[in-house]
2 protein chains.
Amino acid sequence: MGKQATEMLKGTLEGIVLAILAGRPAYGYEITAWLRDQGFSDIAEGTIYALLVRVEQRGLVDVAKVPSEKGPPRKVYSLNAQGREYLEEFWTTWSFLAERLEQLRKGGK
Amino acid sequence: MGKQATEMLKGTLEGIVLAILAGRPAYGYEITAWLRDQGFSDIAEGTIYALLVRVEQRGLVDVAKVPSEKGPPRKVYSLNAQGREYLEEFWTTWSFLAERLEQLRKGGK
DNA sequence: TACCGGTACCTAGCAACACCGAATACTCGA
DNA sequence: TCGAGTATTCGGTGTTGCTAGGTACCGGTA
């Protein structure tokens, strides 16, 4: 991916992570790995951890410390009610944006 | 719109403006008005002007100063070859992102 | 004339976010 | 013992959009 992606991810990455957590609880390392797997090849690890701290401080997720067999304990995040609400808003905003862009794309060709 | 939108616009707004310019040349004030019309209710004027300066400095657009009947002269921007190329990349990046998000949205429900 | 609103552009300072690079710490196999 | 994989944290940087002003030109109105 490129430099465009970096800027485009701003604000979107948060929604992506929350959407993942909406499906199932997960921890940072796992999320990073999954994202890389999905083609987000150069998402920095530090970015995900910082993001998780942020959403935790905003009270969108609950955290549980779970011991790991192969390394330091994991911090498993799960989306709570407030987070679900926030995610709904995210989808609304995203839809709005996606619609305008799709329109522009058609019109511009 | 909300604070989510502000962050989500980062990186995307540039593509939006370039996509507009791909359709027809335009000047800042006009673009701002059009965006407001399209529902981007709280995009600040200064934001657009700053963005236009940036894309000009990167050589993605050409500029022509055109006198106006009702105010200071307009700076009319038009997308050049390099800008068109850049816009193509933007659409590629956007498509990638939009696909992942659409998938997440389905899966998460 | 004086003033206001619409047109049109510009700028300095701020906050948020993703990235980079490095550090810490735990476990296991060579 | 040492490296590799697992797992998290942190300080500093660059880019971006927003805030909140300012400049300037024009027409109409009081």
Side-chain angles (χ1 to χ4, degrees), chain A residues 1-18 25-37 40-58 60-61 63-77 90 93 97, chain B residues 1-18 25-36 40-58 60-61 63-77 86 90 93 97:
Chain A
M1 301 169 64
K3 203 159 136 262
Q4 289 184 332
T6 293
E7 291 307 322
M8 231 185 278
L9 276 177
K10 291 190 180 175
T12 321
L13 186 56
E14 188 176 288
I16 293 174
V17 170
L18 293 180
Y27 55 99
Y29 191 82
E30 189 185 7
I31 295 173
T32 306
W34 187 84
L35 286 173
R36 287 203 209 285
D37 216 52
F40 294 97
S41 45
D42 43 37
I43 284 187
E45 263 201 285
T47 299
I48 298 298
Y49 288 112
L51 192 158
L52 288 170
V53 167
R54 273 193 326 259
V55 294
E56 181 189 353
Q57 278 170 352
R58 284 192 222 147
L60 305 178
V61 293
V63 192
K65 201 161 236 169
V66 177
S68 161
E69 323 82 46
K70 19 169 72 181
R74 299 165 174 165
K75 284 181 73 175
V76 175
Y77 295 84
F90 170 81
T93 308
L97 203 58
Chain B
M1 301 169 68
K3 201 156 136 266
Q4 289 183 333
T6 292
E7 289 308 320
M8 233 183 280
L9 276 176
K10 291 190 180 176
T12 322
L13 186 55
E14 189 177 285
I16 293 175
V17 170
L18 293 180
Y27 55 98
Y29 191 81
E30 189 186 7
I31 295 174
T32 306
W34 187 84
L35 286 172
R36 287 201 209 287
F40 294 97
S41 46
D42 42 38
I43 285 187
E45 264 202 287
T47 299
I48 299 299
Y49 288 114
L51 193 158
L52 288 170
V53 167
R54 271 191 330 254
V55 293
E56 182 189 353
Q57 277 169 351
R58 284 193 223 147
L60 306 178
V61 293
V63 192
K65 201 162 234 167
V66 177
S68 160
E69 324 84 42
K70 18 169 71 181
R74 299 166 174 164
K75 284 181 75 175
V76 175
Y77 295 84
Y86 186 85
F90 170 82
T93 308
L97 202 58

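Not measured: the values here are computed from a predicted model. Proteins get letters first, then strands, A, B, ... in listed order; numbering begins at 1 in each.
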Rounded to whole Å, please give me the gap between [atom1] in [X] and [atom2] in [N].
X	N	atom1	atom2	result
Leu52(B)	dT16(D)	CG	P	13 Å
Lys75(B)	dT7(C)	NZ	P	20 Å
Trp34(B)	dA8(C)	CH2	P	18 Å
Lys65(B)	dA8(C)	NZ	C1'	11 Å
Glu56(B)	dC9(C)	CD	C1'	13 Å
Glu45(B)	dA12(C)	CD	C1'	17 Å
Gln4(B)	dG17(D)	CD	C1'	16 Å

Item checked: Arg54(A): partners by salt bridge (charged side-chain N to carboxylate O under 4.0 Å, His left out), with sequence neighbours left out ->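 For Arg54(A) there are no salt bridge (charged side-chain N to carboxylate O under 4.0 Å, His left out) partners, ignoring immediate neighbours.
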Notebook entry, point to check: If you look at every heavy atom in Gln4(B) and Thr93(A), which pair is closest and at what distance?
Noted result: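 Distance-wise, the nearest heavy atoms are OE1-OG1, 3.2 Å.
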Answer yes or no: is there a side-chain heavy-atom contact under 4.5 Å between [X] and [Y]?
X	Y	answer
Leu52(A)	Val61(A)	no
Leu13(B)	Leu35(B)	yes
Glu14(A)	Phe90(A)	no

Checklist line | Contact state string [nucleotides 13-21 of chain C, B base, S sugar-phosphate only, - no protein heavy atom under 4.0 Å] | finding: ---BBSB--
Listed partners of [X] passing side-chain contact (heavy atoms from CB on, under 4.5 Å), at least two apart:
X	result
Tyr29(A)	Tyr27(A), Glu45(A), Tyr49(A)
Pro73(A)	Lys65(A)
Pro72(B)	none

Please tabulate the protein-to-nucleotide N/O contacts below 3.5 Å involving nucleotides 23-30 of chain D, giving atom names and distances.
none

Contact under 4.0 Å: [X] side-chain N or O vs [N] OP1/OP2:
X	N	result
Tyr27(A)	dT8(D)	no
Tyr29(B)	dC9(C)	no
Tyr49(B)	dC10(C)	no

Note to self: Apply side-chain contact (heavy atoms from CB on, under 4.5 Å) to residues Thr32(B) and Phe40(B) and explain how you reach the verdict.
What the structure shows: CA-CA 9 Å; Thr32(B) 306; Phe40(B) 294 97; over 6 Å; no
